[in-house]
Asker: 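I'd like to ask some things about the structure below.
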Amino acid sequence: MAKRYTIPELAQMRESEDHVEFKKGEGGNVSYNGKGKDKPNERRRCILGYVAALCNEGGGRIVIGMHDRCPHAVTGTSQCESGLGQLESDIYRDMGIRPDVYELFEDGTGKRVLVIEVPGHPIGKVFKFEDVPLMRVGEELKPMSDAMFLKIMQESEPDFSEKICEGLTVEDLDPAAIERMKQEYASKWNKPEFAKLPTSQALSDFKLIDQDGRLNYAALILIGKEAAIHKYLPCNNVVVEYRLFHSMIEYTARKEFTGPLFLLVDEVWNYINQPASNPLLHYRDKMNIYDLPAFNEVVIREAILNAICHRVMYIQSDVVIKQYPDMLTITNAGGFPFGVDVDNILKVNSMPRSKRISEVLQKTGLVEKSGQGVDKMFYHCLMEGKSLPDYSGTDNFQVCLKLSGTIENTAFLLFVKHIQDERHEADKLNVFDLLALYKASKNENLREVDRETLNKLLQEGLLIDTEEGYKLPKEYDELSVTCREDVGNSVENSNNVQLTERQQAIYNIIKDNGDVTAKSLSETLSGTLSVTPRTIERDIRFLRDNGFIRKEGKKNKGIWVVLK
């Protein structure tokens with residue numbers, strides 16, 4: 001609980017220096033939420049507005065019943081006279097902040113003063129009133145300045161991985177993991193002599209041990225034996241569950257991995273990469289047929305390492321991987337690092353929560369510089385014609401990444417493959433170039449693409465500026481037609497895919513009625529078949545994934561067409 005002040009102490013405080021807001025309270029109480037005020041600047045001058053601003057300042061107090069001129073004379077108030085606990089509950093409900101509310105009485109007069117002690121914001125957290133981050137400027141509450149917003153966003157959490165793991169000894173470390181760590185560093189920097197260094201020296205060089213011989217949690221996570229991890233950090237597990245269908249509650253197979261990170265990533269990937277659960281996808285390029293795995297090794301490794309480096313170790317929760325034939329999801333505790341969200345994840349170099357672990361992984365080449373792992377995931381998904389990595393399921397408590405295991409657009413795959421194959425390594429398109437082309441292929445607006453990228457793609461003829469917006473060149477349209485014909489032929493000649501009666505009905509409706517939207521199809525079938533819209537959606541995905549139908553146009557307004 002914060003310190004509770006006396007009236008004489010409050011009387012000498014300065015509003016700005018001491019982070020206190022005085023309200024006389026005469027002639028009426030201070031509005032709780034600004035209700036009834038028309039102008040935003042008037043609504044903000046309420047209890048919730050000042051709570052948000054003071055919380056952003058690092059904490060302070062609202063004093064109701066004292067004059068705002070120093071020294072602050074007591075004026076008295078009846079605000080929340082019989083509801084202090086209710087006020088605390090209301091503020092917690094509406095702001096997620098737990099204040100300390102108390103009342104004081106002036107000696108001699110008995111006049112009442114209400115004090116609301118506001119805690120400081122959690123590290124990197126900005127508080128808002130009516131979706132606006134607030135700060136105090138004189139007598140006003142103003143939208144927070146960019147400088148103040150950036151200062152809060154750049155705050156970082158203490159690095160859990162550099163904390164000393166009390167009781168952990170060198171005997172608790174895995175010799176194979178230590179050897180792997182040294183070998184990786186020696187290989188990356190072409191220093192073969194490093195692989196022969198004594199373990200004590202290697203631990204010191206990687207800052208996994210202090211001068212007193214105490215090992216930190218980074219040492220435990222990176223190179224600790226399984227038994228030691230179970231003992232000192234039992235939540236440090238990676239769980240992989242496999243299900244045949246998205247609707248399944250029980251898993252088909254499950255395995256839990258607990259071991260040093262330098263060995264664990266290989267073990268997890270090998271489990272995911274079994275032929276039955278990571279099948280090869282096929283596509284045709286002219287006369288040749290090529291294949292690629294449903295789940296790309298680089299993408300999966302980067303995703304696992306990101307989940308471990310960015311997870312909140314204080315939360316007792318495993319990294320959980322759920323694998324399906326056509327999708328893989330990875331969740332880790334803690335939400336995005338500060339300053340990162342779904343919209344800027346490719347643009348912001350985030351600070352990993354486990355900085356010491358990340359430093360070792362960078363030195364040994366397992367990860368690139370901070371933030372580049374996400375770039376690589378997007379890059380490979382774009383190059384393979386798959387859906388983009390999907391973070392839409394992320395909230396304040398966990399990061400959820402969905403990775404597609406199907407080729408979404410074979411024509412786009414071939415289009416960018418032809419471009420990259422003809423270029424020298426230094427001239428290849430980067431992830432932002434590919435992302436702009438991807439959006440154009442889906443007829444999306446490119447207003448968020450930076451001008452430099454657009455100019456580059458326009459000059460090279462990879463984008464065409466039309467009255468309808470930016471389009472891909474004629475080559476992409478020709479590839480789209482070819483891919484439709486190839487898929488149609490493969491479907492016509494294939495005896496491996498058997499449709500149910502319901503799936504055949506869906507296919508026939510699309511074929512007989514021409515352009516069909518997902519909404520109209522759902523409405524039609526819901527009336528003729530005893531199935532839910534969700535079942536219809538699952539059948540549509542089956543027809544799409546097996547090459548019977550194709551989505552054209554925008555994601556939410558596109559139409560389904562047959563490929564035969």
Asker: I'd like to check the side chain to side chain donor-acceptor pair (under 3.5 Å) partners of Ser404; sequence neighbours left out, ordered by chain and number.
Answerer: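 Applying side chain to side chain donor-acceptor pair (under 3.5 Å) to Ser404 gives Thr406.
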Asker: Give every residue pair that meets the side-chain hydrogen bond (donor to acceptor under 3.5 Å, both in side chains) criterion with at least one member in residues 82-91, sequence neighbours excluded.
Answerer: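 Qualifying pairs, neighbours excluded: Gln86-Asp90, Asp90-Arg93.
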Asker: Got a second to check how far Leu263's CG is from Phe257's CZ, nearest 0.5 Å?
Answerer: 12.5 Å
Asker: In terms of side-chain geometry, is the basic nitrogen of Glu117 or Arg4 positioned less than 4.0 Å from the acidic oxygen of its partner?
Answerer: no
Asker: Are any of the side-chain heavy atoms of Ser354 and Ile308 separated by less than 4.5 Å?
Answerer: no
Asker: Got a sec, which residues hit salt bridge (charged side-chain N to carboxylate O under 4.0 Å, His left out) with Glu9, two or more places apart in sequence or on another chain?
Answerer: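 Glu9: salt bridge (charged side-chain N to carboxylate O under 4.0 Å, His left out) contacts with Lys3.
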Asker: What residues, two or more places apart in sequence or in another chain, satisfy side chain to side chain contact (heavy atoms under 4.5 Å, CB included) together with Glu408?
Answerer: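 In terms of side chain to side chain contact (heavy atoms under 4.5 Å, CB included), with neighbours along the sequence ignored, Glu408 is linked to Ser387, Tyr438, Lys442.
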Asker: Do the charged groups of Arg45 and Glu140 touch, with an N to O distance under 4.0 Å?
Answerer: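 Counted as a salt bridge, because a side-chain N and a carboxylate O are separated by less than 4.0 Å.
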Asker: Quick check: closest heavy atoms across Ser277 and Tyr242, and the distance to 0.1 Å?
Answerer: CB-CE1, 3.6 Å
Asker: What I want to find out is whether Glu21 reaches Lys23 closely enough, with some N-O distance under 4.0 Å, to be called a salt bridge.
Answerer: yes
Asker: Apply side-chain contact (heavy atoms from CB on, under 4.5 Å) to the pair Ile300 and Asn273, showing each step before the final yes or no.
Answerer: CA-CA 10 Å; Ile300 299 302; Asn273 192 38; over 6 Å; no
Asker: For Phe160, check ring-ring contact (aromatic ring centres under 6.0 Å, His included) against everything at least two apart and list the hits.
Answerer: Tyr217, Tyr314
Asker: Throw together a table of side-chain donor-acceptor distances under 3.5 angstrom for residues 206-216, partners on residues two or more places apart or in other chains.
Answerer:
residue, atom, partner, partner atom, Å
Asp210, OD1, Asp212, N, 3.0
Asp210, OD1, Gly213, N, 3.0
Asp210, OD1, Arg214, N, 2.7
Asp210, OD2, Arg214, NE, 2.8
Asp210, OD2, Arg214, NH2, 3.0
Asn216, OD1, Ala218, N, 3.2
Asn216, OD1, Ala219, N, 3.0
Asn216, ND2, Lys207, O, 2.9

